[in-house]
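A short worksheet on the structure shown next.
Just so you know, these numbers use all the heavy atoms, side chains as well, and skip hydrogens, waters and symmetry mates. One is the number of the first residue; the rest follow in order along the sequence.
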Amino acid sequence: MKKDYELINNTEERQYEFHIDDYVPRIEYMRSTNGEVYLTHTEVPPAIEGKGIASLLTEKTLCDIEQQGFRLIPLCPFVVDYIRKHPEWKRLMK
């Protein structure tokens, strides 16, 4: 059973995150001045792993990057693997 969580762009911590009970799964990023977003690390607390949360977080993060018109540079192995499984997202890597 998948829930829909609100994506939060925590610009102070430079991470996209969900708030799930007391847990904060996140994707850390860096932004360049020329419109690139580097996704550097994905982390889901062990207590909530295996529920598809990282995939949902990645999908919502990619949607946000696309809506803002940024170019994606995936450095995180999880995000790279996600894009390999969902090649339609390669469009963000112009």
Side-chain angles (χ1 to χ4, degrees):
M1 178 171 87
K2 253 190 186 174
K3 291 186 177 180
D4 193 20
Y5 303 106
E6 178 189 0
L7 181 69
I8 297 164
N9 182 358
N10 182 338
T11 54
E12 189 173 301
E13 296 288 328
R14 293 190 318 263
Q15 64 190 25
Y16 287 97
E17 59 193 36
F18 290 152
H19 293 179
I20 303 172
D21 298 323
D22 293 331
Y23 303 107
V24 182
R26 66 184 180 272
I27 296 180
E28 297 169 4
Y29 66 80
M30 297 181 300
R31 280 216 175 110
S32 70
T33 55
N34 62 350
E36 295 169 330
V37 175
Y38 297 79
L39 298 181
T40 59
H41 179 69
T42 302
E43 189 170 323
V44 175
I48 58 172
E49 283 180 348
K51 301 180 187 319
I53 292 168
S55 292
L56 181 61
L57 181 59
T58 301
E59 180 183 350
K60 287 190 169 213
T61 296
L62 296 177
C63 286
D64 186 72
I65 289 169
E66 184 170 49
Q67 286 174 347
Q68 294 191 55
F70 292 124
R71 188 169 68 237
L72 172 67
I73 312 289
L75 301 177
C76 168
F78 183 87
V79 175
V80 169
D81 192 51
Y82 182 89
I83 292 170
R84 190 175 296 124
K85 292 175 183 169
H86 303 274
E88 66 273 15
W89 287 110
K90 287 184 180 178
R91 67 184 181 266
L92 299 182
M93 300 164 35
K94 302 170 193 157

Side-chain heavy atoms under 4.5 angstrom apart, residues restricted to Ile, Leu, Val, Met, Phe, Trp, Tyr: same cluster for Tyr38 and Trp89?
no
Nearest 0.5 Å, what's the CD-CZ distance between Glu12 and Arg14?
10.5 Å
Nearest 0.5 Å please: distance from the CZ atom of Arg26 over to the CG atom of Asn10.
10.0 Å
Just to verify, which of Ile27, Leu75, Ile73 counts as forming a side-chain contact (heavy atoms from CB on, under 4.5 Å) with Leu39?
Ile27
Distance, nearest 0.5 Å, that separates CE of Met30 from NE2 of His41
13.0 Å
What about Val44 and Leu7, same hydrophobic cluster or not, with Ile/Leu/Val/Met/Phe/Trp/Tyr joined at side-chain heavy-atom distances under 4.5 Å?
yes
Within the side chain of Thr40, is there an N or O that forms a donor-acceptor pair under 3.5 Å with the backbone of Glu28?
yes
Say you draw a straight line from NZ of Lys60 to CD of Glu6; how long is it, rounded to the nearest 0.5 Å?
8.0 Å
Grab the two heavy atoms, one from Met93 and one from Leu72, that are nearest each other, plus how far apart they are.
CG-O, 3.4 Å
Would you compute the distance between atom CG of Leu56 and atom CZ of Phe18 and round it to the nearest 0.5 angstrom?
4.0 Å
Please check if the number of heavy atoms outside Tyr23 that lie under 6.0 Å from its OH is greater than 12.
no
Identify whether the distance between the nearest side-chain nitrogen and carboxylate oxygen of Asp81 and Lys85 falls below 4.0 Å.
yes
From the list Thr42, Thr58, Asp64, side-chain hydrogen bond (donor to acceptor under 3.5 Å, both in side chains) with Tyr16 holds only for Asp64
Can you confirm whether Asp22 is buried at CG, in the sense that more than 12 heavy atoms of other residues, nucleotides or ligands lie under 6.0 Å from that atom?
no
Closest contact, heavy atoms only, Val24 versus Pro45
N-CG, 4.1 Å
Distance (rounded to the nearest 0.5 Å) between Arg71 CZ and Asn34 CG:
6.0 Å
Is any side-chain heavy atom of Leu92 closer than 4.5 Å to one of Val37?
no
Going by heavy atoms in the side chains, are Gln68 and Asn9 under 4.5 Å from each other?
yes
Checking Tyr82 now: which residues fulfil side chain to side chain donor-acceptor pair (under 3.5 Å) with it, not counting sequence neighbours?
none
